[in-house]
Amino acid sequence: MIKVTLKDGKVLEFEGPVKAEEVVKKIGMGLYKAAMAVKIDGEVFDLMTEIKNDCSIEVLTFDDEDGRWTLRHTASHILAQAVKRLYPKVKLAIGPAIDTGFYYDFDADFSITPEMLETIEKEMEKIIKEDLSLERFELPRIEAIKFMEDLGESYKVELIKDLPEDAVISFYKQGEFTDLCAGPHVLSTGRVKAVKLLSVAGAYWRGDEKNKMLQRVYGTAFTKKSELEDYLKMLEEAKKRDHRKLGKELDLFSIHEEGPGFPFFHPKGMVVRNMLEDFWRKEHTRRGYKEIKTPIILNEALWHQSGHWDHYKENMYFTKIDEMDYAIKPMNCPGGILVYKNSMHSYRELPLRMGELGLVHRHEISGALHGLMRVRCFTQDDAHIFMTPAQIKDEVLGVINLTDYVYKLFGFEYHVELSTRPENSMGSDEDWEHATNSLREALEAAKLDYKVNEGDGAFYGPKIDFHLKDCIGRTWQCGTIQLDFQMPERFDLNYIGEDGEKHRPVMVHRTIFGSIERFIGILIEQYAGAFPTWLSPVQVKILPVTDRANEYAKQLEAKLKDMEIRVELDLRNEKIGYKIREAQLEKTPYMIILGDKEVEAGNVSVRSRKEGDLGSMEFDAFIEKIKEEIDKKISNI
RNA sequence: GCCGGCUUAGCUCAAUCGGUAGAGCAACUGACUUGUAAUCAGUAGGUUAUUGGUUCGAUUCCGAUAGCCGGCUCCA
């Protein structure tokens with residue numbers, strides 16, 4: 001007798017071994033139809049799995065992340081099967097499910113064109129219609145290798161050979177097509193009700209640029225056609241929030257062929273920038289930071305000493321002054337260190353928090369550039385904290401809290417990563433371990449969930465990274481906290497301790513916004529260009545209905561300017577509807593409409609970009625309203 | 001940097017089979033004095049990214065370069 005415990009605590013009993021799908025059928029046929037996979041004692045399995053012992057079971061549908069991944073993984077096999085049917089010579093690499101769908105990497109001696117995707121998609125539809133059952137089987141290592149060798153699938157052979165000795169090597173077969181795969185998969189190809197191929201892109205085999213570039217086909221799959229359509233619509237909508245598009249439309253910034261990756265900020269973009277910087281300064285002053293500014297060009301020798309020459313040269317720009325070699329700074333730390341070294345420091349001064357809005361230049365490869373998100377020059381809202389080892393945890397915690405405060409203000413959801421020692425790095429293992437553990441402790445003290453990113457730290461220390469999402473869900477690293485024992489050593493930094501002796505301080509390099517440019521890019525997408533009033537380039541537009549209201553409009557404009565409210569007056573000889581439409585498209589938070597009635601009553605008619613016509617009110621009442629919104633930095637998207 | 005795609009007026013986009021480019025918006029001029037998302041009329045605007053080739057003739061076909069877009073790699 002086998003007892004299967006369901007999620008709600010109910011227990012089903014079976015005479016002997018039973019397939020998971022039979023258990024699900026017994027729960028209900030509706031659920032069976034929606035089931036993608038099952039979780040048996042917390043682990044995900046196929047529905048065709050045979051249950052031999054007592055266990056607890058949870059049915060996974062498309063609404064569960066694991067269920068979704070199962071369906072999409074099967075969709076990727078359908079893609080591979082379709083490609084093999086149409087182009088038998090193409091070799092298969094890997095084809096996993098991803099957050100938004102799935103992909104499959106192919107090695108073909110021809111280019112897969114967007115037109116071919118349509119053909120492949122049709123073949124996929126056929127395979128779905130054939131409703132082929134998926135069968136799982138295992139092979140011993142030698143046979144598995146032989147199996148794939150016979151099929152000429154050299155990438156699969158390599159994959160098998162790299163599996164650990166004791167690994168179970170499983171295959172999934174659907175019709176004439178068999179793929180090496182750990183699973184799980186849905187019962188049959190017919191379960192994939194809606195599938196769409198989205199794009200082709202190059203991808204290196206195993207993600208290594210030294211390897212051959214394969215062709216990656218991206219797609220997505222759903223259990224309902226309507227879900228697919230909704231998703232595609234959502235993607236279209238999301239693209240309208242793209243900061244590159246909005247940046248142009250709202251005249252915030254531009255990037256020119258004359259300077260790829262070097263953005264130009266226009267007057268309206270500068271307002272956003274300056275407001276962010278003002279806010280940044282206030283928050284940092286409040287938290288005991290001092291501000292410095294260090295030069296952009298410094299002698300190359302400094303960069304030898306810092307280790308950048310050995311570890312970061314490829315990303316740096318160089319120049320000559322009077323036959324001497326200089327470098328354009330890619331980071332602010334060496335400059336900050338020179339400031340620290342400029343005077344003696346007592347333990348009483350520590351922690352010393354030195355902020356710098358520093359413009360850095362980095363040579364990013366051309367293919368990496370992306371609007372304001374990845375550029376070749378950007379301003380880091382940097383700070384270097386010099387401290388005693390005992391102060392590490394509190395200081396790191398302080399930065400974590402500040403970051404959380406700032407991100408919450410903008411309504412961002414973020415995720416955190418802890419990056420550990422990379423290959424090309426400097427310092428002893430002990431230092432790295434100490435530094436990494438300190439960061440880990442701070443994260444745990446802050447009760448933050450985080451993901452470990454092995455080998456992704458800076459060359460001088462491990463780091464905590466804060467990632468924010470853009471309009472289509474790509475994440476970008478913004479805030480970072482990097483712990484550094486190396487620079488203090490290299491630059492022989494010290495402070496005088498209580499004992500009157502010299503001691504080595506520890507350094508934290510940290511940013512909150514990360515780069516002002518990237519942060520603005522994220523902000524634009526977060527708000528779809530409709531900045532909260534405190535950040536809006538223009539906060540109020542005054543729109544006279546006829547020129548009889550012009551004088552009154554000018555008076556109000558002057559008053560608003562006096563109160564440091566950013567105002568524009570539209571005196572053009574246009575209809576009020578036209579002026580409103582334009583102000584709305586510019587995403588101006590408030591419009592003041594002035595006609596004969598307002599002139600006579602001495603009040604204002606207010607329109608909000610969000611709520612439309614608010615009716616007439618006293619000018620002072622409007623001032624109070626907008627002032628409060630600005631002071632409290634209310635996000636009225 | 002790599003793979004694929006794209007590049008036509010300031011912006012968004014047309015142009016049949018290869019026959020030297022057209023619209024809307026914006027700009028400018030004029031009329032209209034207007035009440036909560038586009039008033040009307042007119043004017044001007046282009047070496048079709050650059051460059052080489054094929055052709056009697058290239059926006060169109062082929063090559064190179066640059067930039068951009070989607071990924072890979074890399075990273076704030």
Side-chain angles (χ1 to χ4, degrees), chain A residues 103 105 108 111-117 198-218 239 242 244-245 248-249 251 255-261 312 314-315 330-331 360 362-382 419 456 458 463 465-468 472 474 476-480 482 509-519 521-522 543-550 573-585 591-598 605-609 612-616:
Chain A
Y103 68 78
D105 285 348
S111 293
I112 298 174
T113 62
E115 294 76 56
M116 289 163 79
L117 291 190
L198 298 167
S199 61
V200 224
Y204 300 107
W205 167 236
R206 300 204 142 168
D208 189 333
E209 60 184 326
K210 290 184 203 84
N211 290 340
K212 182 166 186 186
M213 180 157 276
L214 309 173
Q215 298 184 70
R216 177 171 297 179
V217 176
Y218 282 93
K239 279 181 192 153
D242 192 310
R244 293 165 298 188
K245 182 175 156 68
K248 192 188 276 184
E249 283 171 10
D251 199 16
I255 301 176
H256 304 257
E257 211 170 315
E258 288 82 351
Y312 209 73
E314 277 64 45
N315 284 296
M331 295 187 194
V360 297
R362 296 182 184 177
H363 177 74
E364 294 296 335
I365 53 178
S366 59
L369 303 179
H370 183 96
L372 289 182
M373 303 296 200
R374 183 165 296 111
V375 289
R376 285 179 172 158
C377 76
F378 56 98
T379 302
Q380 285 187 308
D381 63 318
D382 216 338
S419 297
D456 219 29
K463 55 181 190 165
D465 293 327
F466 296 80
H467 293 250
L468 296 174
I472 59 169
R474 288 177 291 214
W476 299 90
Q477 185 189 316
C478 289
T480 183
Q482 312 178 347
H509 311 235
R510 46 110 284 178
T511 64
I512 309 294
F513 297 145
S515 112
I516 309 268
E517 289 75 4
R518 177 176 287 182
F519 201 78
I522 298 270
L543 314 175
V545 178
T546 70
D547 53 20
R548 289 190 296 278
N550 285 1
N573 185 9
E574 293 289 353
K575 287 198 163 181
I576 193 65
Y578 180 86
K579 294 185 184 182
I580 288 169
R581 177 182 155 82
E582 205 171 89
Q584 188 74 35
L585 291 175
M591 297 160 229
I592 290 182
I593 288 129
L594 302 174
D596 292 338
K597 277 185 282 180
E598 286 73 26
S605 173
V606 179
R607 187 185 167 92
S608 118
R609 74 172 166 210
D613 192 355
L614 299 181
S616 52

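So that the names make sense, note that chain A is the first sequence line, chain B the second, and so on, each numbered from 1. This structure is a prediction, so every number in the text was calculated from the model and none was measured.
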Classify the side chain of Arg374(A) and the base of C75(B) as holding, or not holding, a donor-acceptor pair under 3.5 Å.
yes
Over all atoms of both residues, closest heavy-atom pair of Gly514(A) and Asp381(A)
N-OD1, 2.9 Å
Atom CH2 of Trp205(A) and atom C1' of C3(B) are separated, to the nearest Å, by 17 Å
As a test of understanding, state which of Asn315(A), Val360(A), Leu369(A) forms a side chain to side chain contact (heavy atoms under 4.5 Å, CB included) with Arg376(A).
Leu369(A)
Looking only at N and O atoms, is any donor in the side chain of Tyr204(A) or the base of G1(B) less than 3.5 Å from an acceptor on the other one?
yes
Using 0.5 Å steps for rounding, measure from the CH2 atom of Trp205(A) to the CZ atom of Arg216(A).
11.0 Å
Testing U73(B), C11(B), G35(B) for proximity to the side chain of Lys248(A), the answer is C11(B)
Is Asp208(A) salt-bridged to Arg206(A), going by a charged N under 4.0 Å from an acidic O?
no
How many angstroms lie between atom OH of Tyr204(A) and atom NZ of Lys212(A), to the nearest 0.5 angstrom?
13.5 Å
Looking for any heavy atom pair under 4.0 Å, which part of the strands does Glu209(A) touch: base, sugar-phosphate only, or nothing?
sugar-phosphate
Please report, rounded to the nearest Å, how far the C1' atom of G1(B) is from the CG atom of Asp208(A).
14 Å
Select one nucleotide: of U36(B), A76(B), C74(B), the one nearest the side-chain heavy atoms of Ala368(A).
C74(B)
Given the P atoms of U29(B) and A44(B), what is the spacing between them in whole Å?
15 Å
Of the candidate nucleotides C72(B), A37(B), A76(B), which contains the atom at the shortest distance from the side chain of Gln584(A)?
A37(B)
Stacking between Tyr218(A) and the base of G71(B) (centre distance under 5.5 Å, interplanar angle under 30°)?
no
For a quick check of understanding: with a heavy-atom distance under 4.0 Å over all strands, which category does Arg518(A) fall into, base, sugar-phosphate or nothing?
base
Could you state the atom-to-atom distance from CG of Asp251(A) to P of U12(B) in whole Å?
13 Å
Nearest to the side chain of Arg474(A), heavy atoms from C-beta on, is which of A76(B), G70(B), A37(B)?
G70(B)
Pro260(A) has its side chain closest, among C75(B), G35(B), C68(B), to C68(B)
If you check the Met213(A) side chain, which of U33(B), C3(B), U36(B) turns out closest?
C3(B)
Closest to the Ala201(A) side chain: A76(B), G35(B), G71(B)?
G71(B)
Could you give the NZ-to-C1' distance, from Lys463(A) to C75(B), as a whole number of Å?
7 Å
C11(B) C1' sits how many Å from Asp242(A) CG, rounded?
16 Å
Of the nucleotides U36(B), G71(B), U39(B), which has the atom closest to the Asp613(A) side chain?
U36(B)
OP1 or OP2 of C75(B) sitting under 4.0 Å from any side-chain N/O of His363(A)?
no
On a plain distance test, is the side chain of Glu115(A) in donor-acceptor contact with the base of G5(B) below 3.5 Å?
no
Distance below 4.0 Å between Gln477(A) side-chain N/O and A76(B) OP1 or OP2:
yes
With sequence neighbours excluded, residues passing side chain to side chain contact (heavy atoms under 4.5 Å, CB included) with Gln584(A):
Met591(A), Arg607(A), Arg609(A)
By nearest atom, which of the nucleotides A76(B), A26(B), C75(B) is closest to the Tyr578(A) side chain?
A26(B)
In whole angstrom, give the distance that lies between atom CD of Glu257(A) and atom C1' of C68(B).
9 Å
Going by heavy atoms in the side chains, are Ile512(A) and Arg510(A) under 4.5 Å from each other?
yes
Dot-bracket notation for RNA chain B is requested: 5' to 3', Watson-Crick or G-U wobble pairs only, both distances under 3.5 Å, with ( ), [ ], | and . as defined.
(((((((..((((.....[..)))).(((((.......))))).....(((((..]....))))))))))))....
Could you tell me how far U54(B) sits from U59(B) if I compare only their P atoms? Round to whole Å.
16 Å
Closest listed nucleotide, where the reference is the side chain of Arg244(A) and the choices are G70(B), C3(B), A76(B)
G70(B)
Across the strands shown, which category fits Glu598(A) at heavy-atom distances under 4.0 angstrom: base, sugar-phosphate, nothing?
base
Just to be sure I understand the rule, does Asp596(A) reach a base, reach only the sugar-phosphate, or reach nothing, if contact means heavy atoms closer than 4.0 Å?
base
Reported CZ-to-SG distance for the pair Phe519(A) and Cys478(A), which is rounded to 0.5 angstrom
6.5 Å
Please state the P separation for the pair A9(B) and U65(B) - nearest whole angstrom.
24 Å
State, to 0.1 Å, how close Arg518(A) and Met373(A) come at their nearest heavy-atom pair, and which atoms those are.
NE-O, 2.7 Å
